[in-house]
Amino acid sequence: MRCSLCGSKLRPLITDLPFKVSDTSIVILKGLPVLQCDNCREYLLDDLVMNRVEEILQRADAAAELEIIRYAA
Ligand SMILES: [Zn+2]
């Protein structure tokens with residue numbers, strides 16, 4: 001796969017990413033597999049990972065300002 005912004009090669013990487021789930025709450029997913037561009041640092045999630053992330057975020061506690069969840073495939 002190539003970067004949608006600059007066309008450079010994407011590299012698989014395990015990282016932690018914050019997701020805003022409402023105006024007041026943020027979920028940090030740890031150990032998330034992403035593809036990151038070597039050139040511009042843009043990253044993307046493949047469809048399977050994105051679906052899983054959406055499931056996790058739906059179950060996240062919307063009342064918590066900050067929640068940290070470990071991603072597990
Ligand atoms: Zn790029």
Side-chain angles (χ1 to χ4, degrees):
M1 266 171 102
R2 294 199 168 259
C3 176
S4 56
L5 288 185
C6 72
S8 288
K9 248 182 127 175
L10 295 172
R11 199 159 38 94
L13 183 77
I14 303 290
T15 189
D16 307 333
L17 287 181
F19 293 86
K20 205 165 190 285
V21 291
S22 77
D23 284 348
T24 53
S25 56
I26 287 173
V27 172
I28 294 175
L29 288 182
K30 301 203 72 155
L32 195 63
V34 303
L35 295 166
Q36 187 173 46
C37 177
D38 273 340
N39 183 46
C40 69
R41 299 288 155 201
E42 177 74 5
Y43 64 84
L44 60 85
L45 305 177
D46 81 27
D47 288 347
L48 279 175
V49 175
M50 199 62 225
N51 290 343
R52 179 85 182 114
V53 165
E54 279 171 12
E55 278 175 34
I56 293 171
L57 295 184
Q58 274 166 18
R59 284 201 311 260
D61 182 1
E65 281 185 28
L66 177 67
E67 191 171 6
I68 298 171
I69 301 175
R70 178 157 289 278
Y71 178 87

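Whatever order the structure lists ligands and atoms in, that order sets their numbers, starting from 1.
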Problem set entry | Steps toward side chain to side chain contact (heavy atoms under 4.5 Å, CB included) verdict (Val49, Tyr71) | CA-CA 9 Å; Val49 175; Tyr71 178 87; 3.9 Å; yes
Exercise. Is atom CD of Glu55 surrounded by more than 12 heavy atoms (other residues, nucleotides or ligands) closer than 6.0 Å?
Worked result: yes
Exercise. Going by heavy atoms in the side chains, are Arg59 and Ile69 under 4.5 Å from each other?
Worked result: no
Exercise. What is the number of protein N, O or S atoms that sit under 2.8 Å away from the Zn ion (ligand 1)?
Worked result: 4
Exercise. Quick one: does Glu42's side chain have a donor or acceptor within less than 3.5 Å of a partner on Cys3's backbone?
Worked result: no
Problem set entry | Taking every non-hydrogen atom, the tightest pair across Asp38 and Arg11 | OD1-NE, 2.6 Å
For residues 18-36, tabulate all N or O donor-acceptor pairs below 3.5 Å that involve a side-chain atom, not counting sequence neighbours.
unit_1, atom_1, unit_2, atom_2, d
Lys20, NZ, Ser22, O, 3.4
Lys20, NZ, Asp23, O, 3.4
Ser22, OG, Thr24, N, 3.2
Ser22, OG, Ser25, N, 3.2
Ser22, OG, Ser25, OG, 2.8
Gln36, OE1, Arg41, NH1, 3.4
Gln36, NE2, Arg41, O, 3.3

